[in-house]
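Written out below as C-alpha cells is the structure these notes cover.
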Amino acid sequence: MQGWRIRVRGLVQGVGFRPHVWRIARDEAIAGEVVNDGEGVAITAYGAAGNLERFIDRLVAEAPPLSRIDAIERQAIAPPPVRPDGFGIGRSIPGKVATGVVPDAATCPACKADIDDPANRRFGYAFTNCTHCGPRLSIVRAIPYDRTNTSMQAFPMCHACEAEYGDPADRRFHAQPNACPRCGPRLWIEPVAAADGDDPVAGAAAMLRAGRIVAIKGIGGFHLACDAMNEEAVARLRRRKRRYAKPFAVMFRDIEGLRRHCRAGADEEGWLASHAAPIVLVEGRGLAPSVAPGQDRIGAMLPYTPLHHMLLAACSGPLVMTSGNTSEEPQAIGNDEARQRLAGIADAWLMHDRDIVNRLDDSVVRIDAAGPQVIRRARGLAPEPRPTPAGFASDAAVLAMGGELKAAFCLLGHGRMILSQHMGDLEEASTHADYRRNLDLYRAIFDFHPRRIAVDRHPAYLSTQWGRTFAESEGIPLVAVQHHHAHLAACLGEHGVPRHDDQALGIVLDGLGAGDDGTVWGGEFLAGGYAGFERAGHFRPVPLPGGAAAIREPWRNLAAHLHAVGAGDWQARFARTRAAGAVAPRAVAIVGQLLQRGFNAPLSSSAGRLFDAAAAAIGIVPARQHHEGQAAMEMEALARPHAGRVGGYPVDVARDGPVPVLCFAPLWEALLDDLRRGTEPGVIAARFHDGLADGVAALAVTIASERGLARVALSGGVMQNGLFLDRLVATLAATGIEVLTHRQVPANDGGLAFGQTLVAAAGVD
Ligand code: ZN
Ligand code: ZN
Ligand code: FE
C-alpha cells in the first residue's frame, strides 16, 4: 500500500468535485479523505500503486461537467500503520475556504430527462436542478455558498430532497438549490384570468400563440417574450419597450428548431448547447422582420431552464426573449418591480417565488474566422476566474473600475483575475446601485482586499469618481489608465502574454476615449505593453461637431470628414451624399459654422465615428441612430455579400508629424465618385470595410517593422465587426506577424477593467 497527498487546483468547489472523488475512490478501493480548503481540493489517498495511478487518471478524465482542473499535484506520504477505514468526505475547514461561486449553468440532460418523465417526482417541475446545472451566482447573497446564503433559504428541503442532498452517490449531493414540487419554489401566472386551467405554463403558451406579450421570470432577470413569427406582436413589443433598433434575441425549442431558421456551424451549435447557454449571433431567416431590422444576423438561444424547456415545447414556434425593461434600463428582477416597470408592456406575467438576487443579462457570443468571441460577458460566464499572465502571480490585489459604457469591474490577486458580469451603461442611473452592490458582493465572495485601484483617465466617468473616492477612503494608491492602453493590455492579458516579454503593437479602434494630448482618441496604434505605451500612429483627427450630439447623429461625422477633405466646397460634397435629404439645410449650416470656428467641436481620431460617417453617406440612419453601434452594424450587414470581391477604397499615410497618420481624403473622393455613378450602397459599404482594413493593416505592418515588434493585438469595439476583423487578421497574419484578438474578454469597453488591472499592477516597479 502507498500513500499520496493530492492537491487539485482550478474550478473545483461547488461543482460536485468531492463526491466525484469519493465515487472513484470507492471504485478503485482507495482509502482516505477529500476536503475543500483555501487552495481548492485536498485529497489523502491510500491504496495499491496501480489503483492510485488509475484514481488520478480518472479524476481528470471523468471530471464533473462544471469543473475546470488547472493543476494536479501529488506528493508521497507514509501510509498509516493501520489501514484506514474507507474513504470519507471531510467537512470544509471554516474560515479557510475561499469557495467563490461558479456561473449559473443551463439545465443538464439528466435533469431535462427528469422533467420529461411522467414517473419521476420532478415531472414538469420548473425548478429542477442538480450539481451539474441550475442557478448559482444569480441566487447568492453571501458566502460561504450554502443554501442558507442563497434565495433558496426560504424553501426548507423535504425528506426526499434532504436524502439526495446528503448522499454522495446522488447527482444532487450538496446541490444548494435542490428542490422538488413538494418543498421548492412554485410558478404562477398573473393576472389569474390568463391561466389555462391550473397550468401556468400552458396558460402562458396559449397567450403567446395568440400574439400576446408575456413577462417571464428567468435566471438573471425577467424576459419579455412574444411569438417570433408574428410580425404584429414583435412590432408591438418594440413600440411598447421603446426599443427601435437593437436586435431581439430569439429562443428556439431545440437545435432542430433552430436549424429551420438559422445557419449555425459546429462552433455556434457547440456554444448554444453549452452550460453557459449564451445568445449566439447566427445567420437567420423566416422570422418576423422586426426581430432584427437591418441585420443579417439574429441572436439565437436555446432553453436554459426547465421552465424554458416546457414553455418552448408548449408553444409551436420560436419566441422573442428580450430583456424585461424599457429602452436602456437594466432588466427587472423583483416580482413587484416587474409588475410595475413592465406594466404597459406585458399582457401577463409568468412568475415564481424564488428571488433573483443578482441581475445577470444573457451573455452574447459571436464566432469569427478565428473562433468564438465573447461580446457580452454575463450569465453563464461570470464570475469564472482566469489565471493572471506570467509575472503577475505575486502582485498585490488590484481593483479596476472599468469605463462608463458596458460597465464591468475586475479583481486581480492571488494569481487570478475575475471580471464581473456586464452591468450596462453607467449613464443610466438605475445601473449605479447594481454596480455598487455587485462590487460589495464580489469583494465578499472572493474575500478581496484591494491595495491599489485602477480607473480610466476620463475624470467625468462615474466609475473614475467612485474609484477615486474608494482609494481615498481606504488610503490606497489610485492609478489612472489611458483608455486605449487598457484595451491593449486586456488583449495581451487574456492571451497570457508574459509580463517580461509583452511588447506589441496595439491596434485599438473604438468610439471615444480620453487621449493623453487633450484630444479624444479612438483610432490608435499604440506601441508598448502592460507598463506603458507610446502613441505610434493614429487616424487623422477630425472635429466632433456638437460633441455628444455627434454620437447620436451620424451625419455630423460625415460633415466633419468632408470638411477635412476640403473646407471650401464641403457642402457641395455633402449635398451629393444620401445623408443630404435626411437633414435640414439649416442644421447643416450650423454644423458648418462649428467646423469653421472649431467651437464645440473637439478633435477626435475616433474609428467608430468614421464608420458612422460612411454609413450616413450611403443613407444608413444618417439623421439619428438609436444606439452607438447601430449605423456600423447595419453597414456591416449591407456590406457582407460584397466584401472581398469589389476592391477597397484607397487610404493614405501622412508622415508630416511626429508619427504616421492614416488619412481618408482618397477614400472619400472614391466613395463620392461611387455615389455619383449610382453604385449600390452594399458595394460602397464593402469597399469601405475592405479599404479601411487594408489601410490599417498596411500602416500596422510598417510601424511594427520600424519598431521591431513581432506581435499585434487588436482591441476596441470596432473589432466586434466580423467583416472588418476577419480581413484585418488575414492580411496581418499573411505577413507572418503574430496576431492576437479578443476571445473571452470583450473587445469593447466591457473588457476595459481587465486591462486596467494589469496596467496598474505592472506600473508598480
Ligand atoms: Zn442537472
Ligand atoms: Zn423536496
Ligand atoms: Fe473603448
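Whatever order the structure lists ligands and atoms in, that order sets their numbers, starting from 1. Note: hydrogens, waters and symmetry copies are ignored here, and every other heavy atom, side chains too, is used.
Distance check for H484 against the Fe ion (ligand 3): none of its N/O/S atoms falls below 2.8 Å. For a distance bound of 2.8 Å, the N, O or S atoms of C130 include one lying that close to the Zn ion (ligand 1). At least one N, O or S atom of C158, from either the backbone or the side chain, sits less than 2.8 Å from the Zn ion (ligand 2).
Between the side chain of H432 and the backbone N or O of L426, at least one donor-acceptor pair lies under 3.5 Å. Here the side chain of N748 pairs a donor or acceptor atom with the backbone of I375 at under 3.5 angstrom. A donor-acceptor pair under 3.5 Å links the side-chain atoms of S605 to the main chain of G522, judged by distance alone. No donor-acceptor distance shorter than 3.5 angstrom exists from the side chain of T757 to the backbone of L411, with no hydrogens or angles considered.
Take the Zn ion (ligand 2) as the corner point: the lines to SG of C183 and to SG of C180 open at 120°, to the nearest 10 degrees. The Zn ion (ligand 1) is the vertex of the angle joining SG of C108 and SG of C133, which measures 120° to the nearest 10°.
Among heteroatoms of the N, O or S kind in D510, OD2 lies nearest the Fe ion (ligand 3). Summary: OD1 is the N/O/S atom of D749 found nearest to the Fe ion (ligand 3).
The cationic atom of R379 (NZ for Lys, CZ for Arg) lies less than 6.0 Å from the six-membered ring centre of Y304 and within 45° of the ring axis.
If you look at F611 and F724, their ring centroids are closer than 6.0 Å.
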